[in-house]
Amino acid sequence: MHTMSSFSLPMVEVGSLSATRSILSFRLDSQPATLSRSAWRLRRRKGVEIISLCFQADLQHHQQHHHHPLTFAAARRGASIVAWALKTREPVTNNNNKRWICTVASPPMSDVETSQESEESLVENAEARDSFVWKSNWYPVCPEIDMDKAVPHGFQILGRKVVIWYDKQLSKWQTFVDMCPHRLAPLSEGRIDEQGCLQCCYHGWSFNGDGSCARIPQARPEGPEAKAAGNKMAHCISFPTVVKQGILFIWPDEYGQELADKTLPPITPGIDEPGWCAVATFRDVDYGFDTLVENLVDPSHIPVAHHNVNGGILGKRDNAAPIALELKSMNARGFVGEWKKPWGGTSEHTYEAPSRFTYMFPFKGIKGASGCATTYATPICPSSVLDCDCSCAAPGKSRIIVVNARNALLAFSSGPHWWQLFPRWLDHQMMLNLLDGDLALLHFQEQNLTQVTGGSPDKWSKAVFIPTAADRYVAGFRQWLNRYGGKMVQWTAGVNPSLPPRITKKEDLLDRYNKASHTEKCIACRNALKNFKFARTAFIILAAVLTGVAVLLPQSPSRYAAVGIAAVCALLAWRLVDWIQMFTYKGWDHARLP
């Protein structure tokens with residue numbers, strides 16, 4: 001094949017080709033914030049290569065047939081490619097400037113023949129770089145330490161029902177579709193049998209960690225029924241499952257084991273190194289995945305929405321101030337941003353799609369000390385989760401997992417060492433205090449947004465007003481969602497994408513125990529609650545006994561001592577009421593906070 005330079009083209013044709021390349025280059029040179037410079041140069045080069053290949057094919061064909069190099073057919077093909085390159089893009093506005101979301105896709109088949117294999121492969125590669133498949137990712141479920149290995153746990157991910165259980169034979173967690181292959185009963189209602197297999201409690205079928213059927217009690221030991229357990233129809237559908245940095249992750253695609261093995265879960269770099277301490281907790285919240293991620297990537301709301309929480313360690317309303325956020329890069333895997341602090345220095349923030357957002361920050365006044373806060377967002381169903389009623393799977397419910405890590409002041413963090421002062425349940429309750437601050441706000445905000453936009457994600461940028469740099473990450477996430485994420489979570493087929501009804505009672509939204517929000521499924525908090533209840537009962541009984549003894553004793557120091565101890569026990573029992581209440585419901589009223 002001749003190259004383009006081997007033809008002697010009239011000036012007008014050369015100008016036409018130059019104009020074609022210039023028009024495409026004008027669009028391709030407008031580098032959006034969604035791509036790094038190197039990635040954008042690669043896309044521009046591929047676009048130009050596609051045009052070159054098409055023109056070369058036509059020029060060679062017409063030269064062989066003694067036609068003028070640039071005939072109507074060549075012009076028609078060039079025009080169609082230019083039209084493809086200039087097709088409408090959807091703008092996403094951050095109120096400071098407009099950034100274009102550009103999609104690289106193949107030209108319309110009706111206008112351009114695709115006989116050139118190289119052209120097809122270029123387009124396919126460009127599409128692959130821009131794609132994001134929701135089910136082909138690791139999703140965090142829960143801190144492993146808070147999951148009971150003695151029982152199976154029901155869960156939903158992307159609207160798909162699964163059961164998670166601990167395989168004692170292989171010493172690892174397993175995840176199956178939450179249906180017994182026999183009669184489709186939920187395996188999450190089953191048990192771990194004496195052999196360490198997952199047993200369905202309807203007919204007693206048991207399953208190994210790889211999903212194979214270990215035992216069918218009703219099958220005869222000889223004849224065709226003896227082979228029933230080995231039939232593939234008796235196997236459970238399983239999903240890749242792994243534990244990293246103490247968090248259990250699942251990959252919700254039964255055909256994705258090979259890809260899952262090659263993909264690292266979205267963990268926080270560096271926090272599992274010596275000298276670091278990390279504490280993780282979780283909570284289920286009554287608002288959707290996109291609302292949750294918006295909140296997690298928004299540092300400007302913290303001093304206001306979480307005013308004076310836990311003694312004001314995160315700030316107070318008066319601390320609200322301009323925040324200089326800047327997006328550094330974005331691609332299908334998320335974005336990286338930077339926060340330039342007014343007192344000097346910067347903090348780097350990473351959103352790793354679809355679930356992880358990490359703040360890295362230095363400790364002021366402590367040389368070499370640093371910390372990070374990683375938050376995970378997992379889209380689940382709008383009913384309770386672990387051991388959930390999964391009959392109403394839809395958006396409107398999410399799980400947040402928070403991992404706080406640092407390499408300084410380790411004594412003021414919970415951990416395995418005797419000198420680490422904070423019990424884990426206290427870390428959890430302090431984090432729940434934080435989440436109470438905006439939980440109701442975000443539920444009502446999501447409902448309002450749906451009402452204003454009619455549930456259309458395309459109208460988000462027109463429904464909100466975000467004039468400051470403090471909202472750069474929020475706009476960046478919405479840009480990523482529209483550009484790479486298909487504009488919304490890709491739920492399992494059959495899931496209704498509309499939101500569930502508004503929850504009007506704040507007591508229901510801020511409940512920490514029921515609906516498996518936290519306490520019921522957290523081993524540390526559940527045991528702490530049980531111990532506090534036991535202690536309160538013991539103090540009440542002890543106060544009553546000492547009061548009776550004091551009545552029987554004559555006037556003496558012993559009598560006064562008994563009365564004094566009884567009074568202390570009664571006071572402690574009274575004070576424990578507030579601590580017990582903390583595990584179930586605490587409440588949050590911004591209007592009454594000083």
Side-chain angles (χ1 to χ4, degrees), residues 145-146 148 279 281-283 306-316 404 409-437 439-440 505-594:
I145 195 171
D146 291 321
D148 190 347
V279 181
T281 187
F282 70 95
R283 184 173 188 172
H306 306 294
H307 164 73
N308 212 26
V309 66
N310 297 328
I313 59 175
L314 292 177
K316 300 182 180 182
N404 289 315
L409 304 175
L410 302 185
F412 297 95
S413 179
S414 61
H417 305 294
W418 64 269
W419 46 266
Q420 292 184 297
L421 303 179
F422 276 67
R424 196 158 58 90
W425 61 264
L426 184 55
D427 262 324
H428 288 194
Q429 293 303 313
M430 292 178 69
M431 182 54 62
L432 296 182
N433 292 342
L434 172 67
L435 297 177
D436 274 352
L439 201 157
K505 292 184 178 180
K506 290 180 66 175
E507 292 82 0
D508 294 335
L509 287 169
L510 302 181
D511 192 323
R512 299 182 178 187
Y513 187 89
N514 297 315
K515 302 187 301 180
S517 173
H518 178 81
T519 304
E520 186 181 7
K521 291 303 169 185
C522 173
I523 293 177
C525 293
R526 188 173 69 243
N527 290 339
L529 176 59
K530 182 170 62 176
N531 293 336
F532 277 121
K533 288 182 175 179
F534 176 81
R536 181 174 183 271
T537 302
F539 282 133
I540 292 174
I541 294 174
L542 185 57
V545 170
L546 289 173
T547 301
V549 170
V551 171
L552 298 176
L553 289 173
Q555 293 287 344
S556 64
S558 298
R559 184 177 186 181
Y560 298 138
V563 172
I565 297 174
V568 171
C569 289
L571 178 63
L572 291 174
W574 175 68
R575 290 298 302 163
L576 282 176
V577 172
D578 289 338
W579 286 85
I580 292 172
Q581 180 69 30
M582 174 180 64
F583 290 94
T584 57
Y585 172 79
K586 196 169 182 179
W588 194 271
D589 189 347
H590 285 276
R592 298 186 182 277
L593 286 176

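All heavy atoms count here, side chains included; hydrogens, waters and symmetry mates do not.
- Atom OG1 of residue Thr519 and atom OH of residue Tyr513 lie 7.5 Å apart, to the nearest 0.5 angstrom.
- Heavy atoms from other residues, nucleotides or ligands lying under 6.0 Å from CD1 of Ile523 number more than 12.
- The heavy-atom pair separating Ala524 from Arg424 by the smallest distance is CB-NH2, 3.3 Å.
- Asn308 is linked by a side chain to side chain contact (heavy atoms under 4.5 Å, CB included) to Lys316, counting only residues two or more places apart in sequence or in another chain.
- Residues meeting the side chain to side chain donor-acceptor pair (under 3.5 Å) test with Gln555, sequence neighbours left out: Tyr560.
- Of the possible polar contacts, one joining the Asn531 side chain to the Asn527 backbone as a donor-acceptor pair under 3.5 Å is found.
- The two residues Gly437 and His306 come nearest to each other via the heavy atoms CA-ND1, 4.0 Å.
- Annotation: the span from Ile313 atom CD1 to Leu434 atom CG amounts to 8.0 Å, rounded to 0.5 Å.
- Annotation: the span from His518 atom NE2 to Leu435 atom CG amounts to 10.0 Å, rounded to 0.5 Å.
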Could you tabulate the donor-acceptor pairs under 3.5 Å formed by side-chain atoms of residues 574-583, not counting sequence neighbours?
from, atom 1, to, atom 2, distance (Å)
Arg575, NH1, Asp578, OD2, 3.3
Gln581, NE2, Tyr585, O, 2.8

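- One N or O on the side chain of Ser556 and one on the backbone of Pro554 form a donor-acceptor pair closer than 3.5 Å.
- Summarising the geometry of Leu509 relative to Leu439, their closest heavy-atom pair is O-CD2, 3.4 Å, with the distance given to 0.1 Å.
- Note that CG of Asp146 is 6.5 Å distant from OG1 of Thr281, once rounded to the nearest 0.5 Å.
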Side chains of residues 534-550: which donor-acceptor pairs under 3.5 Å do they make with residues two or more places apart or in other chains?
from, atom 1, to, atom 2, distance (Å)
Arg536, NE, Ala573, O, 3.2
Thr537, OG1, Lys533, O, 3.0
Thr547, OG1, Ala543, O, 2.7

Scan the side chains in residues 425-432 for donor-acceptor partners under 3.5 Å anywhere in the protein, sequence neighbours excluded, and list what turns up.
from, atom 1, to, atom 2, distance (Å)
Asp427, OD2, Ser414, N, 3.2
Asp427, OD2, Ser414, OG, 2.7
His428, NE2, Ala280, O, 3.1
Gln429, OE1, Arg512, NH1, 2.9

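- Qualifying ring-ring contact (aromatic ring centres under 6.0 Å, His included) partners for His307, counting only residues two or more places apart in sequence or in other chains: none.
- Using a 4.5 Å heavy-atom threshold, the side chains of Asp436 and Arg283 count as touching.
- Ion pairing between Lys505 and Asp508 fails under the 4.0 Å rule for side-chain N and carboxylate O.
- Two residues are said to be in side-chain contact when any heavy atoms from C-beta on lie closer than 4.5 Å; Phe422 and Val279 fail this criterion.
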